[in-house]
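Reminder, nothing fancy here: chain letters follow the sequence lines and each chain counts from 1. Computed from a predicted model, the values in this text were never measured in an experiment.
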Number of protein chains: 2
Amino acid sequence: MNISENITFPEASQEDRSLAIREALRNAIVDRRLAPGTKLSESEVGALFSVSRTVARAALQMLAFEGLVRIERNRGAFVSNPSPDEARQIFASRRLIEPGIIAAAVERITAADIEQFRRQLEEEQRHINERGPSARRAEIKASGDFHLMLASVAGNVILQKFMDELVGRSSLVIALYGRSGISSCGHNEHLAILDALEKGDAAQASQLMLHHIDHIEADLDLQLKQGFALKDALALT
Amino acid sequence: MNISENITFPEASQEDRSLAIREALRNAIVDRRLAPGTKLSESEVGALFSVSRTVARAALQMLAFEGLVRIERNRGAFVSNPSPDEARQIFASRRLIEPGIIAAAVERITAADIEQFRRQLEEEQRHINERGPSARRAEIKASGDFHLMLASVAGNVILQKFMDELVGRSSLVIALYGRSGISSCGHNEHLAILDALEKGDAAQASQLMLHHIDHIEADLDLQLKQGFALKDALALT
DNA sequence: CTTGGCCAAATCGTATGCAATCTGATCTGT
DNA sequence: ACAGATCAGATTGCATACGATTTGGCCAAG
């Protein structure tokens, strides 16, 4: 039990490396640095992170479980290219789950939580103010984080896991089908939801959340891309 | 492209073997042939199914994602021992999701679906009539299958996946905390739900489903086991 | 010039080997 | 006799090796 061993900085890399790779790839996919359809070869991923194919493979399989990549037998892993129909199912699922999360969060939220939410929303505002593609990525990510924090406050780990998956897939869908202009309006809705939460008004917060999800989905170009779906049916299904 | 190659019987075993192992272990866990806390060593699982540790490990990791096993680093995989609190979260999640599934299913259910449901419910009834531990296992499984069929009819693959996980975990919880006597009353509730679905009455079907979930949860011994939770905090948490 | 089949390169699926870590049993010193 | 350290056995984490499958290009026949 050498103390020196424990003093080594909190073994960040010592942790499961496949988890770190999963996280890095997840961010890259959600940020759209990795375009849908991109092939993620096991050897390539392994080489990028200086690990063997074994651990790269584990990371890819985790992402496949989350729906962010699609694995075809003997062919490899590809960044998911969710169809418009899948996108609608994602938002339908969120409309079911998020009001329940609100209801649970209202019961448990603390003043400290609210303070943290406010800081998070300021961060979000900052990303909205800067323009440019990388700021837009950060904006999508920050917007997702708001919903994840909410799920965390709700205190139901299962719903939290579901929201993890749904937010990741939503970010991918927004990056794919989103129109750039209007998405910033979501920020005000986040603020309004937080205010309702602070007042303890679960019903209003739920209503606001539902409208918020509606707005996000309405901001997508799901109909026009049907011709697109035809094309990538030939290209990569 | 030899035709003879295609004629070879649909390579059922040639498919991913880890998926088959996952399924087998999943059934064993849900049927309670594998008790919570049981260690699932990679070598042991591999030997049982005549595969290498690699594929056994993949199966165990999939089960860990579903929450049916718990993997501790450098220690191995164990059958999950969900806490009463976790059980409550599972049912809270189901109360959110299943009414939404009902609403979607009402729109899409066909006469053929209803016919299939009726056959499934007859099967369920048969298991209830026989007594004995193996019949009880089959009863729990059949009851879960009803909910899974519902999710399948709803046509939302994401919710379907969530329900897969929730039903599996519920079965584990029921096997752990369930009182044997009353659970058969669930069958009538399934019938009532199906009737409401057939009439196209989504509101009533949702109400019935919520009550059904309430009844399942009320049938559990979640309070008394808190002393138990203390004990297994020392034993294997 | 087009079409079909064949072959090689690349990639995946799986088995196995080695190092690291944990468990729990023995041994020693007080 | 008991407490704590040490060591052996077992098990996991990871890397690598080998066979299987797919892919894309080349060559030949029509």
For the side chain of A:Lys39, counting heavy atoms from C-beta on, which of C:dC12, C:dC22, D:dC14 is nearest? C:dC12
Interface residues of residues 42-56 of chain A with DNA chain C (non-hydrogen, below 4.0 angstrom): A:Glu42, A:Ser43, A:Arg53
Within this structure, what is the CG-to-P distance between B:Leu19 and C:dG13, rounded to whole angstrom? 11 Å
So does A:Lys141 pair up with A:Asp31, basic N to acidic O under 4.0 Å? no
A:Gln120 side chain to A:Asp145 backbone, donor-acceptor under 3.5 Å: no
Interatomic distance where CD belongs to B:Gln61 and C1' belongs to D:dC14 [whole Å]: 12 Å
Rounded distance in Å - CZ (A:Arg57) to P (D:dA15): 15 Å
Would you tell me if any nitrogen or oxygen in the side chain of A:Arg75 comes within less than 4.0 Å of OP1 or OP2 on D:dT23? yes
Scan side-chain atoms only and decide if A:His127 and A:Arg137 contain a donor-acceptor pair under the 3.5 Å cut-off. no
Sorted by chain and number, sequence neighbours left out, ring pair (Phe, Tyr, Trp, His ring centres under 6.0 Å) with A:Phe162 holds for B:Phe162
Can you measure A:Arg73 atom CZ to D:dT23 atom C1' for me and round it to whole angstrom units? 17 Å
Heavy-atom closest pair, residues B:Leu60 and B:Val69: O-CG2, 3.5 Å
Is any side-chain nitrogen or oxygen of B:Arg17 closer than 4.0 Å to OP1 or OP2 of C:dG13? no
Any Lys/Arg nitrogen of B:Glu165 or B:Lys161 sitting under 4.0 Å from an Asp/Glu carboxylate oxygen of the other? no
Find the distance B:Asn74:CG to C:dT21:C1' and express it as a whole number of Å. 5 Å
